[in-house]
Amino acid sequence: MSGLKPIQVLAVTGGKGGVGKSNVSVNTAVALAEQGKRVVLLDADLGLANIDVLLGVSSGRNIGDVLSGEAELRDILVPGPGGIRIIPASSGTQRMANLGEQEHAGIIGAFSELGDDMDVLIVDTAAGISRTVTSFVRAAQETLMVVTDEPTSVTDAYALIKVLNRDCKMDRFRVLANMVRTPNEGQALFNKLSKVTDRFLDVTLQYVGSVPMDESVRKAVQRQKAVIEAYPRSKAAIAYRSLAQKVATWPLPTTPRGNLEFFVERLVQGTTGVA
């Protein structure tokens with residue numbers, strides 16, 4: 001697997017459910033594809049698939065079929081809006097937590113084969129702070145923490161950052177304020193979170209901006225489309241394009257941490273408890 005080019009691997013997470021992670025993942029993916037990036041979106045909510053439902057795409061196979069050896073990763077890729085490709089999750093299973101050695105090798109090989117055909121991998125994690133969530137996040141190159149102006153969102157984001165810092169030795173996180181009424185509200189929300197982390201944790205948070213509360217997002221969800229596709233001139237769509245422009249400028253590492261095979265190896269380690 002040596003010689004693979006560095007790939008941008010971005011985990012979108014947030015701790016709490018309902019903060020709009022999947023919308024952020026989908027629309028950031030589509031916005032990056034508009035810039036000419038080859039984007040793959042991984043639905044990492046392995047037991048409760050939602051990306052395919054959110055976009056109204058049909059997925060006859062999912063990552064569970066790859067784990068069981070019934071399909072290769074390329075076989076389950078589903079075309080999405082803007083030319084993105086989706087790796088759908090399964091429903092009602094958490095098999096990623098119980099991979100065998102052969103499945104490890106198969107998944108690593110599958111991602112490696114896919115690596116030459118993508119520039120960005122976006123990982124839409126499940127809600128909560130489970131081991132599955134932390135495994136995906138620690139394996140990624142960049143972490144985007146999505147927060148909303150709710151006390152439970154800030155509390156859960158802090159809890160996830162604390163777990164990732166304590167157990168995975170992660171110390172750098174990017175923060176996106178979602179569904180804000182004004183840009184000032186987004187900045188204030190970030191300040192609230194960073195004030196707590198500065199006091200209790202040795203981590204660095206970077207504010208990457210906000211996505212406004214926009215009725216167009218709800219309408220797009222009802223239509224099972226990305227808001228960028230359904231309402232390209234909406235305030236939310238403009239914000240997602242701005243976010244994607246920032247993501248595209250984030251530096252790719254020269255160390256193996258940016259290579260796709262390293263993402264999978266870290267994921268395997270995280271789910272099996274290997275140090």
Side-chain angles (χ1 to χ4, degrees), residues 7-33 37-68 70-97 99 103 107 110-111 114 117-118 120-146 178 220-221 224-229 240 260 263-264 266-268 270-271:
I7 293 170
Q8 188 97 23
V9 183
L10 171 64
V12 179
T13 191
K16 182 181 182 298
V19 298
K21 289 184 294 75
S22 294
N23 264 311
V24 170
S25 299
V26 165
N27 285 284
T28 302
V30 176
L32 284 166
K37 302 290 186 181
R38 298 170 300 170
V39 185
V40 172
L41 174 58
L42 168 62
D43 188 347
D45 193 345
L46 299 179
L48 295 170
N50 65 343
I51 293 293
D52 53 347
V53 176
L54 189 64
L55 291 175
V57 297
S58 176
S59 54
R61 290 182 176 271
N62 56 58
I63 200 168
D65 296 308
V66 178
L67 298 180
S68 65
E70 297 175 18
E72 296 183 358
L73 201 58
R74 291 184 183 277
D75 298 331
I76 70 168
L77 285 170
V78 178
I84 71 170
R85 290 172 296 164
I86 301 161
I87 301 175
S90 52
S91 294
T93 178
Q94 291 287 349
R95 293 191 59 195
M96 183 63 81
L99 297 182
E103 289 174 317
I107 291 292
F111 270 98
L114 205 59
D117 196 28
M118 79 171 83
V120 183
L121 173 65
I122 295 181
V123 183
D124 180 36
T125 74
I129 56 175
S130 69
R131 189 173 182 182
T132 300
V133 172
T134 58
S135 294
F136 274 112
V137 174
R138 75 186 289 270
Q141 170 193 330
E142 297 280 0
T143 303
L144 185 62
M145 194 72 57
V146 181
N178 195 25
V221 170
Q224 292 183 295
K225 291 181 178 293
V227 71
I228 280 186
E229 179 187 32
Y240 281 124
L260 194 60
F263 166 81
V264 183
R266 287 290 295 272
L267 176 59
V268 168
T271 54

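What you see below is based on every heavy atom in this structure, not just the backbone, and it leaves out hydrogens, waters and symmetry mates. The chain is numbered in sequence order, starting from 1.
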Is it true that a side-chain atom of [X] and a backbone atom of [Y] form a donor plus acceptor pair closer than 3.5 Å?
{"X": "T125", "Y": "V12", "answer": "yes"}
{"X": "D75", "Y": "E72", "answer": "yes"}
{"X": "D45", "Y": "A89", "answer": "no"}
{"X": "D65", "Y": "E70", "answer": "no"}

Separation of [Y] [atom2] from [X] [atom1] (nearest 0.5 Å):
{"X": "N178", "Y": "K21", "atom1": "CG", "atom2": "NZ", "result": "11.0 Å"}
{"X": "L77", "Y": "I87", "atom1": "CG", "atom2": "CD1", "result": "5.5 Å"}
{"X": "T28", "Y": "I84", "atom1": "OG1", "atom2": "CD1", "result": "10.5 Å"}
{"X": "D43", "Y": "I122", "atom1": "CG", "atom2": "CD1", "result": "12.5 Å"}
{"X": "N50", "Y": "S22", "atom1": "CG", "atom2": "OG", "result": "3.5 Å"}
{"X": "K37", "Y": "I7", "atom1": "NZ", "atom2": "CD1", "result": "11.5 Å"}

Taking all non-hydrogen atoms of both residues into account, name the closest pair between [X] and [Y] and its distance.
{"X": "E229", "Y": "P81", "result": "OE1-CB, 3.6 Å"}
{"X": "A226", "Y": "A220", "result": "C-CB, 4.2 Å"}
{"X": "L32", "Y": "V120", "result": "CD1-CG1, 4.0 Å"}
{"X": "V133", "Y": "A127", "result": "CG2-O, 3.8 Å"}
{"X": "A11", "Y": "F136", "result": "CB-O, 4.5 Å"}

Item to check | Pairs where residues 77-86 contributes a residue and the test salt bridge (charged side-chain N to carboxylate O under 4.0 Å, His left out) is met, not counting sequence neighbours | outcome: R85-D117
Item to check | M145 and T13, any side-chain heavy atoms less than 4.5 Å apart | outcome: yes
Item to check | Pairing residues for K16 by the salt bridge (charged side-chain N to carboxylate O under 4.0 Å, His left out) criterion, not counting sequence neighbours | outcome: E150
Checklist entry - Does the pair Y240 and N23 meet the rule for a side-chain contact (heavy atoms from CB on, under 4.5 Å), with working shown? => result CA-CA 10 Å; Y240 281 124; N23 264 311; 4.1 Å; yes
Item to check | V57: side-chain contact (heavy atoms from CB on, under 4.5 Å) partners, not counting sequence neighbours | outcome: D52, L55, V78, I86
